[in-house]
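Here the structure is laid out as structure tokens; the discussion comes afterwards.
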Number of protein chains: 2
Amino acid sequence: MSNTERRRRHSGRTTLADVAREAGVSPITASRALRGERGVAAELADRVRQAAESLGYVPDPAARALASQRSHQVAILVPLLSNALFVDVLEAVQSTLWPHGYQTLIGVTHYRPDEEEQLLRTYLAHRPAGLLLTGFDRTEAARRLIGHVPCVHLMELARAPGVYCAGFSQQDAGEAITRHLLERGRRRIAFVAAQLDPRTMQRAEGYRRTLRQAGLYDPRLERLSPEPSSMRLGGELFAELLQQHPDCDAIFFCNDDLAQGGLLTALRQGVAVPGRVAVAGFNDLSGSDQMLPPLTTVRTPRRAMGEAAARMLLSLMRGETPATTALDLGFELTVREST
Amino acid sequence: MSNTERRRRHSGRTTLADVAREAGVSPITASRALRGERGVAAELADRVRQAAESLGYVPDPAARALASQRSHQVAILVPLLSNALFVDVLEAVQSTLWPHGYQTLIGVTHYRPDEEEQLLRTYLAHRPAGLLLTGFDRTEAARRLIGHVPCVHLMELARAPGVYCAGFSQQDAGEAITRHLLERGRRRIAFVAAQLDPRTMQRAEGYRRTLRQAGLYDPRLERLSPEPSSMRLGGELFAELLQQHPDCDAIFFCNDDLAQGGLLTALRQGVAVPGRVAVAGFNDLSGSDQMLPPLTTVRTPRRAMGEAAARMLLSLMRGETPATTALDLGFELTVREST
DNA sequence: CTGTTAGCGCCTTCAG
DNA sequence: CTGAAGGCGCTAACAG
């Protein structure tokens, strides 16, 4: 038994070398052909592709990542999967990236910068081709970790140069809905929020700014709970608020699930909506159009953000410089009967 | 410039060799120490761990996967992320696997066997250490692809030997809720379903079996829609059913979102629940306890399934043989006021 | 445009 | 219990 024989560890998998042999070219030519690198004679490329096909060749991502120092994985970090918002963004991202041969590594941060940093550390070890992150608030360490990996931020708009993002102005959206309530003649407008993540607080800023301008801002009409958002919580805060402030005539909930809970509690307690109190939500989640009454809300461009961010990332990963660094996808006030 | 100099492609990353040098041992000893392989002197192992720590060493998963033919990734395929059910399962899986150093590759099949097969093909190229799949219905090709990769199936119970699964009997659950409606004195019990995936159809079987036994089965009281499940659809099917079968006195919806839509339509149309018609759902999703009236449903062991499946997979990946191949996590009838 | 050579970082195999 | 040698499969660098 020769020494080389003894040491073979071949895994049985079809390798590029097999394809190259079959096609009668060198491995590197096969590699170039299969990656679509230009500079391979069309005829050879065809032969290689056919050989690969007939042998059922599947490139080894690990070998590829090791040799080239880059993988075809894109890491995407979202706060939660229990908010339909992020699920829609994810779906759009995946269906945009998949046809280009990129897989996604989904990480859930639970709105915690330390978890995000940990995930980033782990995922960056895989040398992802790109990163998709939610928002801008993160640890300094996380920011350093990102380094020069192509990266697009979701859900917000930033002004910083060289920072790519696809989102919309949370503050403007908060302002739009507050303004709508004012236009409906409401004067004692409350704001109810949970989770209190940065985007929620930006909506709060839009709310405050608008009411201050109108001379109607009253901090006692804010209910900010750090708990996770839920229908139950929305119902509780609704009841509490109306009890403590019977003159409250409108409530802007920072998310539709809270608002839905509020509407159901209104039904349960016989509070007329919008007669006694108008109710507005945010995100236009599933079911909001089914409520009694149907919920006025802000339709956020979830799929558009996911797709735009993915496209931006694709061009960054190709080494191009996208025309815009901050893509504003806008939002749409969706007025229904609850206001 | 020497030949070796010229050819260096070093990535700048801290490697095992750096750690070994720092600790004054050979790379392989460092490797063994860091992987916790037994047979390394405690003192050396300590020195290695310290060196790794101080250098901020992070193992390269690609190199590791290439050399060892296995990664630390677990691929998990679920039908959808827009059903909270799967999100909860996922969360439980991730938090169980993470402490053991496994990352998850999440794939979404959209209930399509062909998409599942494609995802499997792609993810298996990454040599995942294990697989978590939803249910048992898949293409023959997919089954072959799985080969001998450690694999646990979620959501159902199988009888086949060597097939590992963590779930509960969908059919029994369908039976339990139907029986409950019978016990409440209902006789014209309808079944409303969407999506029509295998698990839904198993619940349908439980419903049919129970009603046949009671001599009350009437196929005209079944509404099976292939559309995706949603509150809107639930509302539509509710209205349609009551119009065509005014004598219908109970409805079993195959998922809570449909049932919630049904309840809201009942409110809108002034149909008394449970007076005129009792309504039951499935899965105990968020908000079902907030409905008017609160929804009777089946609480399914989502987190328990995720955790149990992950634990089972961990032992399979360690090369052990789990005591049970089919883990029945049960379910719980949650009776509220809608019945 | 194609091929040769060698190395990415780690781990398996064999030897001591 | 530790180490030396070399390969996993692919692609970068360089040469023709």
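Chain naming here is simple, since letters A, B, ... match the order of the sequence lines and numbering starts at 1 in each.
- Across the protein-nucleic acid pair, B/Gln69 atom CD and C/dG9 atom C1' stand 14 Å apart, rounded to whole Å.
- Note: CZ (B/Arg70) to C1' (C/dC11) measures 12 Å, nearest angstrom.
- In terms of phosphate contacts, A/Arg64 brings a side-chain nitrogen or oxygen within less than 4.0 Å of OP1 or OP2 of D/dT11.
- Here C/dC8 presents its C1' atom at 17 Å from NE2 of A/His126, a figure rounded to the nearest Å.
- Following rounding to the nearest Å, B/Leu55 (CG) and C/dG9 (C1') show an atom-to-atom distance of 15 Å.
- Where A/Pro27 and A/Arg38 each meet DNA chain C at their nearest nucleotide, the meeting point lying more 5' is that of A/Arg38.
- The CD1 atom of A/Ile28 sits 15 Å away from the P atom of C/dC1 (whole-angstrom rounding).
- Checking the phosphate oxygens (OP1, OP2) of D/dA12, a side-chain nitrogen or oxygen of A/Arg35 falls inside 4.0 Å.
- Contact check, B/Ser26 against D/dG3: a side-chain N or O comes under 4.0 Å of OP1 or OP2.
- For B/Arg138 and B/Glu117, the salt-bridge test fails: no basic side-chain N is under 4.0 Å from an acidic carboxylate O.
- When the side-chain nitrogen and oxygen atoms of A/Ser68 are compared with OP1 and OP2 of D/dC10, none of them lie within a distance under 4.0 Å.
- Nearest to the side chain of A/Arg32, among C/dG3, C/dG9, D/dG9, sits C/dG3.
- Of the possible polar contacts, none joining the B/His153 side chain to the B/Gly135 backbone as a donor-acceptor pair under 3.5 Å is found.
- With C/dG9, C/dC8, C/dG3 as the choices, the nucleotide that has an atom nearest any side-chain atom of B/Asp60 turns out to be C/dG9.
- Atom CG in A/Leu66 sits about 12 Å away from atom P in D/dA12, given to the nearest Å.
- Close to C/dT2, at under 4.0 Å from its OP1 or OP2, lies no side-chain N or O of A/Arg47.
- Ion pair A/Glu43/A/Arg47 flagged as a salt bridge, since at least one NZ, NE, NH1 or NH2 atom sits closer than 4.0 Å to an Asp/Glu carboxylate oxygen.
- Distance CZ/B/Arg302 to CG/B/Asn83: 8.0 Å, rounded to 0.5 Å.
- A salt bridge links B/Glu307 with B/Arg311; the closest basic N to acidic carboxylate O contact falls under 4.0 Å.
- The interatomic distance linking B/Arg21 (CZ) with D/dG3 (P) rounds to 14 Å, in whole Å.
- Phosphate contact (OP1/OP2 of D/dT11, side-chain N/O of A/Ser31, threshold under 4.0 Å): present.
- Atom OH in A/Tyr57 sits about 10 Å away from atom P in D/dG9, given to the nearest Å.
- Out of C/dT2, C/dC8, C/dG9, the shortest distance to the side chain of A/Leu44 is found at C/dT2.
- Between A/Arg13 and D/dG9 there is no side-chain N or O to OP1 or OP2 distance below 4.0 Å.
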